Amino acid sequence: MDIPRFGIPEKLADRMSMAEQHDYLRTRLTRRGALRAGAATAAVAGLSAGLAAAPAQAAPAPATLLSRAGTRVDGSLAAPFGRHLAFGAEPTTQMRVSWQVPFAVRRPYIRIGSQPWALSRKIDAEVRHLTTPVLNGGKIAAAEQFYLHAALDRLHPGTTYYYGVGHDGFDPADARNLGTLGTFTTAPARAGTFTFTAFGDQGVSYHALANDQLILGQNPAFHLHAGDICYADPSGSGQSTDAYDARTWDQFLAQTESVAKTVPWMVTTGNHDMEAWYSPDGYGGQNARWTLPDNGPDPVGLPGAYSFTYGNVGVIALDANDVSYEIPANFGISGGRQTAWLDRRLGELRARDGIDFLVVFFHHCAFSTTNAHASDGGVRDAWVPLFEKHRVDMVINGHNHVYERTDAIWRNAVKRRVPIGERTDPTRDGIVYVTAGGAGKALYDFPAPDSYEGAVADRESVTTYHVAKGGTRAVETVEWSRVRYTGFSFLAVEVESGRNPRMKVTALAESGERVDHFEIARG
């Protein structure tokens with residue numbers, strides 16, 4: 001059930017949590033055994049094939065630059081790639097810039113300024129080093145990855161900055177490298193009109209790239225990624241034969257760079273993003289690759305649980321692996337602290353002056369009808385009552401590789417029908433749930449007659465199921481599935497503030513065709 005087991009015997013893996021898988025691998029693969037199994041790593045990377053330490057810790061830069069073959073090279077050959085931005089906890093004054101280099105470099109840094117010819121501020125970057133050894137007879141490929149991160153604080157609200165990333169031997173301010181510069185804009189001090197975009201389940205494909213380019217055309221203030229980011233674990237079946245290739249992350253970040261180097265890419269954690277090799281909770285890889293707001297549940301270190309505000313919208317990211325009945329590898333990992341934090345944070349944001357809308361995004365669906373995953377009862381039990389308590393305005397999910405949108409739901413039933421083009425008011429109507437999982441991975445289908453690609457359907461009822469406690473499927477006939485589309489797509493949300501605030505929600509196919517649209521207005 002989508003639990004990455006990384007070469008663990010199937011009978012053992014069936015009984016193991018994510019943390020237990022990690023402990024098993026670390027015990028079984030001693031340093032000596034890992035060195036033998038990782039001989040290919042040494043040949044490819046020219047670096048130590050020993051086990052990696054805690055992946056999120058800064059690694060000291062070597063005295064020289066080494067190529068993959070282990071020879072000394074000029075630093076200019078280690079061109080940075082895979083740049084991706086993320087807000088800090090305060091988007092008006094904080095931005096986090098992350099990138100990769102193909103091998104170890106000396107003294108990495110970022111330059112920043114108000115003009116491309118005036119990158120006067122220079123800030124050292126942190127190095128986070130990941131080593132993946134050969135496992136499972138080569139089904140898990142060797143990889144050596146170097147992720148770099150720079151924290152930019154005390155920025156000015158509503159200001160566009162230019163930046164360049166570099167290291168000894170590669171200066172972004174050099175005239176030869178000016179084409180590598182990026183830009184970003186901090187959140188404004190006052191609410192205005194802006195657009196944000198969202199999807200989940202992207203991976204690496206032509207469809208994923210097409211969606212990225214269409215998103216760039218929306219000029220979004222930020223983008224929400226609802227998990228299952230790159231599919232380095234492509235099958236997620238939980239079998240001992242599962243493959244894992246960390247280099248898929250290199251492809252993904254290179255693919256995404258055209259957008260993410262300019263648009264903050266705010267991600268959360270899906271089931272395919274749990275990688276048992278790197279840390280007991282499976283999130284060592286996530287922590288190495290992303291720098292996200294650190295204002296989530298304390299003391300639990302869930303990289304996919306945090307919040308931020310932009311204009312008149314409060315956004316909360318959640319790690320649904322914590323509550324999923326369907327995929328239990330990390331079930332209960334927070335000991336209930338994430339849910340308690342969600343309750344507090346929703347209350348704080350709802351009480352804050354200037355916040356009109358609350359948007360929550362996470363991976364596993366509260367309400368969906370596909371033949372693949374449908375709805376997760378764990379999400380319904382733990383979080384839907386809190387969404388209703390605090391009158392959340394919209395919930396965005398991935399997991400199911402389709403577009404599906406509900407009517408306004410209250411207590412698991414339709415409170416108000418919201419046909420295409422209609423308006424809903426969460427203060428009286430209930431909550432609209434959107435599955436935006438058509439970002440690029442192979443598409444799923446719906447129960448007939450919505451089982452063919454490109455279908456846009458709207459019917460009164462559908463027989464589906466939700467995953468109940470214990471992982472069993474509970475059949476249900478529902479009326480809340482309002483719009484269903486089995487094509488690649490994403491969500492674009494235009495937000496207006498002022499006396500009559502509203503969110504104009506649009507689903508766009510990768511062709512640019514409008515699949516669905518509706519409005520959310522409070523009061």
Side-chain angles (χ1 to χ4, degrees), residues 56 58 83-99 108-116 118-126 128 147-165 172 181-197 219-225 259-268 287 289-298 301 303-317 341 344-346 348-359 361 493 495 497 501:
R83 290 166 293 174
H84 49 289
L85 306 175
F87 289 130
E90 180 44 72
T92 58
T93 61
Q94 295 180 328
M95 189 68 71
R96 307 300 182 237
V97 183
S98 306
W99 67 98
Y109 60 84
I110 184 171
R111 291 188 183 274
I112 181 173
S114 58
Q115 299 293 338
L119 304 180
S120 57
R121 188 175 172 188
K122 184 177 179 181
I123 300 169
D124 291 339
E126 174 194 0
R128 303 177 192 170
Y147 297 95
L148 301 103
H149 302 262
L152 306 181
D153 298 315
R154 299 185 299 278
L155 303 173
H156 297 294
T159 302
T160 297
Y161 291 89
Y162 293 81
Y163 73 91
V165 297
L181 299 185
T183 64
F184 64 80
T185 303
T186 52
R190 296 183 179 181
T193 299
F194 67 93
T195 296
F196 71 88
T197 52
N219 192 28
F222 57 88
H223 177 73
L224 306 179
H225 195 309
V259 185
K261 71 179 181 181
T262 302
V263 178
W265 209 256
M266 310 303 291
V267 306
T268 190
N287 282 320
R289 297 178 179 107
W290 307 92
T291 296
L292 299 163
D294 58 357
N295 59 358
D298 186 63
Y306 56 88
S307 70
F308 66 94
T309 61
Y310 191 103
N312 60 336
V313 178
V315 181
I316 293 182
W341 169 81
R344 291 193 305 272
R345 187 54 52 91
L346 285 173
E348 292 164 0
L349 290 172
R350 182 54 75 201
R352 186 180 300 183
D353 289 341
I355 298 297
D356 295 312
F357 300 107
L358 297 182
V359 174
F361 75 108
V493 183
V495 182
S497 60

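Hydrogens, waters and symmetry mates are skipped; everything else that's a heavy atom, side chains included, is used. None of these values were measured; they are calculated from a predicted model.
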Checklist line | All salt bridge (charged side-chain N to carboxylate O under 4.0 Å, His left out) counterparts of R350, not counting sequence neighbours | finding: D393
Item checked: From T93 atom OG1 to H156 atom NE2, the distance as rounded to the nearest 0.5 Å -> 10.5 Å
Next item on the list: Could you check if a side-chain atom of P172 sits within less than 4.5 angstrom of a side-chain atom of Y109, using non-hydrogen atoms only?
Entry: yes
Next item on the list: Measure the acute angle between the ring planes of F222 and F87, then classify it against the limits of 30° and 60° as parallel, tilted or perpendicular.
Entry: perpendicular
Item checked: Shortest non-hydrogen contact between G311 and F194, atoms and distance -> CA-CE2, 4.4 Å
Check: If you measure from CZ on R96 to CG on L85, what distance do you get to the nearest 0.5 Å?
Finding: 11.5 Å
Item checked: Pair V493-V313, side-chain contact (heavy atoms from CB on, under 4.5 Å): steps then yes or no -> CA-CA 11 Å; V493 183; V313 178; over 6 Å; no
Next item on the list: Go through the structure and list residues passing side-chain contact (heavy atoms from CB on, under 4.5 Å) with L155, not counting sequence neighbours.
Entry: M95, I112, R121, L152, Y161, F184, T186
Note to self: Could you measure the distance from the CG atom of L358 to the CG atom of N312? Nearest 0.5 Å is fine.
What the structure shows: 10.5 Å
Item checked: Nearest heavy atoms of K261 and R83, plus distance in Å -> CD-NH2, 3.5 Å
Checklist line | Between CG on residue L292 and OG on residue S307, distance to nearest 0.5 Å | finding: 12.0 Å
Check: Just how far is it from atom CZ of R111 to atom OH of Y163, taken to the nearest 0.5 Å?
Finding: 15.5 Å
Notebook entry, point to check: What pair of heavy atoms forms the shortest contact from A305 to W341, and how long is it?
Noted result: C-CH2, 4.3 Å
Notebook entry, point to check: If you take all heavy atoms of Y306 and P293, which pair is closest and at what distance?
Noted result: CB-O, 3.4 Å
Note to self: Quick check: closest heavy atoms across P188 and P157, and the distance to 0.1 Å?
What the structure shows: C-CB, 4.3 Å
Checklist line | Over 12 non-hydrogen atoms of neighbours within 6.0 angstrom of CG in D294 | finding: no
Margin query: Walk me through whether I316 and R345 qualify under side-chain contact (heavy atoms from CB on, under 4.5 Å).
Written below: CA-CA 8 Å; I316 293 182; R345 187 54 52 91; 3.7 Å; yes
Next item on the list: Show the numbers, then the answer: is there a side-chain contact (heavy atoms from CB on, under 4.5 Å) between T262 and H84?
Entry: CA-CA 8 Å; T262 302; H84 49 289; over 6 Å; no
Note to self: I need the minimum non-hydrogen distance between L349 and G314, along with the two atoms involved.
What the structure shows: CD1-CA, 4.3 Å
Next item on the list: Measure from the side-chain N and O atoms of Q94 to the backbone N and O of A89, and report whether any donor-acceptor pair falls under 3.5 Å.
Entry: yes
Next item on the list: Determine, stepwise, if the pair Y310 / F196 fulfils ring-ring contact (aromatic ring centres under 6.0 Å, His included).
Entry: CA-CA 10 Å; Y310 191 103; F196 71 88; 9.0 Å; no
Next item on the list: Can you sort out the partners of P303 under side-chain contact (heavy atoms from CB on, under 4.5 Å), two or more places apart, ordered by chain and number?
Entry: T269, Y283, Q286, N287
Margin query: Quick one, R352 and T309 - any side-chain contact, counting heavy atoms below 4.5 Å?
Written below: yes
Note to self: Could you check whether R128 and Y147, counting side-chain N and O atoms only, form a donor-acceptor pair closer than 3.5 Å?
What the structure shows: no
Next item on the list: With side-chain contact (heavy atoms from CB on, under 4.5 Å) as the test, would you mind laying out the steps for T197 and V263 before giving the verdict?
Entry: CA-CA 10 Å; T197 52; V263 178; 5.6 Å; no
